[in-house]
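Notes follow once the structure below has been shown.
Side-chain atoms are counted along with the backbone in the values below, which use heavy atoms only and exclude waters and symmetry mates. For reference, positions follow the sequence shown, starting with 1.
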Amino acid sequence: MVRLVFTVLIVVHGFIHAFGFLKAFGLVHFEGLTGSIAKPVGAIWGMTACLFLLTAVLFGLKMDWWWISGFISFVISQALIVSYWQ
């Protein structure tokens, strides 16, 4: 049960990062993201979303090295959040 909850949380976090990608490329408008996001930074938001989804898949498949993509996505996520936090 804990494994499932953790996997879902990782997927949700990945989708939250996808919002930054979608906003940067003008695909959707989000009220929660008030600042503008440049396209290169939006690509980083998208890459981070993909890394979180990869982490969820690896964790769900019980791969021993899931934490590597998880750590990389966590570090990039923190950098993005700190730089865009209002």
**Study point:** Enclosure of Phe59 CZ (heavy-atom neighbours >12, cutoff 6.0 Å)
**Key:** yes
Exercise for review: Only counting residues at least two apart or in another chain, list the ones meeting side chain to side chain donor-acceptor pair (under 3.5 Å) with Thr48.
Suggested key: none
Review point. So which heavy atom on Ala49 is nearest to which on Ala18, and how close?
Key: CB-N, 3.7 Å
Practice item. Drop me the distance from Lys39's NZ to Ile44's CD1, to the nearest 0.5 angstrom. Key: 15.0 Å
Exercise for review: Determine, step by step, whether His17 and Phe21 satisfy the side chain to side chain contact (heavy atoms under 4.5 Å, CB included) criterion, reporting the C-alpha distance in whole Å, the side-chain angles of both residues, the deciding distance to 0.1 Å, and the verdict.
Suggested key: CA-CA 7 Å; His17 276 279; Phe21 172 80; over 6 Å; no
Review point. Which class fits the ring pair Phe6 and Trp66: parallel under 30°, tilted 30 to 60°, perpendicular over 60°?
Key: perpendicular
Check your understanding: Closest heavy-atom contact between Ala24 and Gly42?
Key -> CB-CA, 3.4 Å
Practice item. Taking the side chain as every heavy atom from C-beta outward, state whether Phe52 and Ser77 have any atom pair closer than 4.5 Å. Key: yes
Check your understanding: Which value, rounded to the nearest 0.5 Å, describes the distance between Ile72 atom CD1 and Leu54 atom CG?
Key -> 9.5 Å
Review point. If Ile, Leu, Val, Met, Phe, Trp and Tyr residues are connected whenever their side-chain heavy atoms lie under 4.5 Å apart, and connections chain through other members, are Val11 and Phe19 in the same group?
Key: no
Check your understanding: Are Leu61 and Leu51 connected, step by step, through hydrophobic side chains (Ile, Leu, Val, Met, Phe, Trp, Tyr) whose heavy atoms are closer than 4.5 Å?
Key -> yes
Study note, to complete from the structure: Between the CG atom in Leu53 and the OG atom in Ser73, the distance rounded to the nearest 0.5 Å is 9.5 Å
Review point. Taking atom NZ of Lys62 and atom CZ of Arg3, what is their separation to the nearest 0.5 Å?
Key: 5.5 Å
Practice item. Might you point out which heavy atoms bring Ser69 and Leu58 nearest each other, and give the distance in Å? Key: OG-CD1, 3.8 Å
Check your understanding: Does any non-hydrogen side-chain atom of Trp45 lie less than 4.5 Å from one of Leu80?
Key -> yes
Check your understanding: Do Leu9 and Trp67 share a hydrophobic cluster (ILVMFWY, side-chain heavy atoms under 4.5 Å, transitive)?
Key -> no
Exercise for review: May I ask you to check whether over 12 heavy atoms, not counting those of Phe15, lie within 6.0 Å of atom CZ?
Suggested key: no
